[in-house]
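Only one structure is covered here, and it is reproduced in the block below.
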2 protein chains.
Amino acid sequence: MPDLSEVPFAEHVVELADLAKALGHPARVRILEVLAQTPGCICGDIVVQMPLAQATVSQHLKELKRVGLIDGEISGPRTCYCLNLEKLARAREMFTSLFAGIGCCGSEGELHGIDPQ
Amino acid sequence: MPDLSEVPFAEHVVELADLAKALGHPARVRILEVLAQTPGCICGDIVVQMPLAQATVSQHLKELKRVGLIDGEISGPRTCYCLNLEKLARAREMFTSLFAGIGCCGSEGELHGIDPQ
DNA sequence: TATTATAATCGTAAATTGGCGATTAACGAT
DNA sequence: ATCGTTAATCGCCAATTTACGATTATAATA
């Protein structure tokens with residue numbers, strides 16, 4: 001996670017790249033799927049559905065939490081994870097906006113400029 | 001790029017993660033923007049719009065080419081890069097499908113299962 | 001043919017990532 | 001108070017990523 005105030009790229013570019021990076025590993029995409037499918041979002045339930053050690057899954061969860069795509073709520077000895085739908089919606093908008101500004105009928109000018117927050 | 005035939009994740013998960021990884025750096029997102037804006041898609045034109053050395057930009061171009069989001073056509077001493085709109089469309093579909101399967105009104109069952117190729 | 005311009009590649013260094021076992025912390029339940 | 005369960009963190013290592021200068025290859029052009 002580069003220092004946003006220092007990098008010479010536009011903020012929306014950095015934000016999108018950071019989200020993409022978080023999605024840039026099969027385990028993390030899979031975790032999102034599992035969380036979407038599993039009502040009880042206990043960490044252990046995720047681990048058993050994954051071909052990775054508990055420590056590794058925990059790392060991936062941490063990364064997803066870092067960008068805000070999931071939330072983790074400590075509940076006794078266990079942690080309940082769930083999708084952050086607001087953040088997911090924003091991520092979807094940013095990707096949609098990127099592809100719209102890039103791939104489609106030349107609406108030049110502002111490319112995927114989404115108003116922050 | 002993990003060996004697709006060996007990894008214990010579903011193919012669409014691996015494919016999406018790989019695309020996301022390619023988008024997971026500000027320079028590469030920026031390159032896509034530049035290519036969308038610039039009619040003449042010469043490599044040098046990209047380099048001058050980027051706060052990175054030529055060698056570094058070339059590496060990022062290579063990564064984007066690896067996943068097929070851009071094409072590079074050698075033309076004399078220079079290389080003309082352009083967006084691969086088909087691949088971009090597929091990428092857009094995969095991301096859309098991911099978010100639809102995850103973030104939205106419970107259409108359970110197949111999550112972002114896009115028929116390959 | 002020699003020169004120039006362009007861009008890919010090489011070599012390298014620093015930082016980050018991904019993986020795991022082991023440990024720790026936090027809590028519920030004996 | 002002790003035990004067992006859960007999950008975060010630590011420590012470590014290998015592999016990858018990112019960045020750059022230098023070099024090389026290619027092909028126009030003088």
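Protein chains get the first letters and strands the later ones, always in sequence-line order, with residue 1 at the start of each.
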Determine: side-chain N/O of [X] to OP1/OP2 of [N], distance under 4.0 Å, yes or no.
X     : N      : result
A:S58 : D:dT9  : no
A:K21 : C:dT16 : no
A:H60 : C:dG19 : yes
B:Y81 : C:dA8  : yes

For DNA chain D, what residues of residues 47-55 of chain B have any heavy atom nearer than 4.0 Å?
B:L52, B:A53, B:A55

Given atom [atom1] of [X] and atom [atom2] of [N], what is their separation to the nearest angstrom?
X     : N      : atom1 : atom2 : answer
B:E73 : D:dA27 : CD    : P     : 13 Å
A:R66 : C:dG18 : CZ    : P     : 11 Å
B:K62 : C:dA7  : NZ    : C1'   : 13 Å
A:I74 : D:dT5  : CD1   : C1'   : 15 Å
B:D18 : C:dT17 : CG    : C1'   : 15 Å
A:L23 : C:dT17 : CG    : P     : 15 Å
A:H25 : D:dT16 : NE2   : P     : 12 Å
B:I31 : D:dA19 : CD1   : C1'   : 14 Å

Using a 4.0 Å heavy-atom cut-off across all strands, classify B:E63 as base, sugar-phosphate, or nothing.
nothing

Regarding D:dA19, can its base be found pairing with the side chain of B:Q59 as donor and acceptor, where the two atoms are less than 3.5 Å apart?
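In this structure, the two groups form a donor-acceptor pair.
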
As a quick check of understanding, evaluate salt bridge (Lys or Arg N to Asp or Glu O under 4.0 Å) for B:R66 and B:D18, giving each step before the final call.
CA-CA 10 Å; B:R66 182 187 65 82; B:D18 202 39; 3.1 Å; yes

Taking the side chain of [X] as heavy atoms from C-beta outward, which of [options] is closest to it?
X     : options              : value
A:R78 : C:dA7, D:dA7, D:dT18 : D:dA7
B:P77 : D:dT6, C:dT6, D:dA7  : C:dT6
A:T56 : D:dT6, C:dC20, C:dA7 : C:dC20

If you assign B:R28 and A:G44 each to the DNA chain D nucleotide with the nearest heavy atom, which residue ends up on the more 5' nucleotide?
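With B:R28 and A:G44 compared, the 5'-side residue is A:G44.
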
Just so I know, are the side chains of A:Q54 and A:Q59 near enough to count as touching, which here means a heavy-atom distance under 4.5 Å?
no

If every non-hydrogen atom of [X] is compared with every non-hydrogen atom of [Y], which pair is closest and at what distance?
X     : Y     : answer
A:L23 : A:V29 : O-CG2, 3.3 Å
B:A22 : B:V67 : CB-CG2, 3.6 Å
B:A27 : B:L52 : CB-CD1, 3.7 Å
B:K87 : B:L69 : CG-CD2, 3.8 Å

Is it true that B:E93 and B:R90 have a side-chain N and a carboxylate O under 4.0 angstrom from each other?
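Here B:E93 does not pair with B:R90 in a salt bridge, since their nearest N and O are not under 4.0 Å apart.
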
Ring pair (Phe, Tyr, Trp, His ring centres under 6.0 Å) pairs touching residues 54-92 of chain B, sequence neighbours excluded, are B:H25-B:H60

